[in-house]
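Note sheet for the following structure.
Note that ligands are numbered from 1 as they come in the structure, with each ligand's atoms numbered from 1 the same way. A quick note: this is a predicted structure, and the numbers were derived from the prediction, not measured. Hydrogens, waters and symmetry mates play no part in the numbers below; they use all other heavy atoms, side chains included.
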Amino acid sequence: MAYQTLIVEIEDYVALIRLNRPDALNALNSQLLGELGDALKAADENEKVRCIVITGSEKAFAAGADIKEMSEKTFVEMFWSDFFGQEQDAITRTRKPVIAAVAGYALGGGCELAMMCDFIICADNAKFGQPEINLGVVAGIGGTQRLTRFVGKSKSMDMHLTGRFMDAAEAERSGLVSRVVPVAKLIPEATAAARKIAEKSSLTAMVVKEAVNRSYETTLREGILFERRIFHALFSTEDQKEGMSAFLEKREPQFRDK
Ligand code: CAA
């Protein structure tokens with residue numbers, strides 16, 4: 001499918017989705033988020049995709065929701081359009097693993113989009129922030145909730161109340177990102193991580209994603225029960241038999257997603 005605000009490439013079972021509104025530092029407007037939802041759904045349904053990477057440019061992953069698009073909106077317009085509510089659901093409904101590869105600015109909705117992904121690898125020039133307070137608003141697509149879960153209340157409050165930016169080292173220290181790499185290595189590193197995931201059983205990877213995400217949605221006791229039940233359930237798959245046989249026979253497993 002042709003997109004106007006995205007570039008999508010599929011290679012070695014990895015879909016690389018590049019946000020592409022360079023004149024607006026990849027600001028997230030309705031078109032971009034709509035297309036992103038479509039691209040993720042298409043990747044989820046495509047047998048040639050086993051892992052997805054979302055990235056931007058070296059200067060900006062995304063500098064937030066598009067301020068030009070929303071500045072004149074009224075409460076009633078925002079309410080009836082459910083501004084970005086459905087788009088957020090579409091992104092977070094993706095069942096295959098999604099990595100955010102962040103270079104440059106990831107601000108406001110850009111930081112929130114990165115946090116909707118399963119994990120974040122960032123470049124050493126990355127800058128994360130929730131500066132909505134400077135615009136007289138609050139984060140609108142999950143920032144107050146997800147950033148707090150990632151980095152804790154104190155740092156989340158600091159970021160949201162002062163609007164300051166967090167650099168890559170602080171983001172790694174705080175647990176917001178899983179690794180920091182030199183900017184020139186961001187895409188090779190992120191796609192290599194995605195290829196590593198793509199080598200596994202896709203079925204198992206999707207179950208692992210569900211289980212980790214469940215830890216955000218439920219109590220510890222319920223989450224542990226959920227994990228135990230799906231651990232048991234995986235013993236009904238061919239990939240569990242193959243993975244364990246391959247280990248015992250000292251060979252590489254050949255997973256078939258069954
Ligand atoms: N929306 C719309 N356009 C944006 C934008 C945004 N969020 N961020 C940058 N742009 C545009 C600029 O308007 C500018 O366009 P023009 O050349 O047509 O004027 C272009 O991108 C380049 O930006 P700058 O000239 O400002 O670039 P810079 O290098 O001087 O500064 C920056 C970079 C610090 C990221 C600065 O652009 C900035 O502060 N952007 C806004 C960041 C922000 O407030 N984000 C939160 C948005 S609200 C939100 O996201 C709500 C939510 O949770 C859903």
Who's the nearest protein heavy-atom neighbour of atom 53 (O) of ligand 1, and how far?
-> Glu112 OE1, 2.5 Å
Test item: protein heavy atom less than 4.0 Å from atom 30 (O) of ligand 1 = no
Salt bridge check: are Glu242 and Arg251 linked by an N-O gap of less than 4.0 Å?
-> yes
Minimum-distance protein heavy atom relative to atom 45 (N) of ligand 1 | Ala63 O, 3.0 Å
Any Lys59 heavy atom less than 4.0 Å to ligand 1 | yes
Are there protein heavy-atom neighbours of atom 12 (C) of ligand 1 below 4.0 Å?
-> no
Ligand 1 atoms in contact with Ala27 (distance to a heavy atom under 4.0 Å) = 1 (N), 2 (C), 6 (C)
Only heavy atoms count here, so choose which of Leu33, Leu135, Asn26, Asn29 is nearest to atom 44 (O) of ligand 1.
-> Leu135
Passing candidate, side-chain contact (heavy atoms from CB on, under 4.5 Å) with Leu113, options Ile141, Leu19, Leu32 | Leu19
Would you call Pro131 a ligand 1 contact, heavy-atom distance under 4.0 Å?
-> yes
Protein non-hydrogen atom found under 4.0 Å from atom 17 (O) of ligand 1 = no
Look at atom 26 (O) of ligand 1 and say whether a protein heavy atom is found at less than 4.0 angstrom from it.
-> no
Is atom 38 (C) of ligand 1 less than 4.0 angstrom from some protein heavy atom?
-> no
Within less than 4.0 angstrom of ligand 1, does Asp23 place any heavy atom?
-> yes
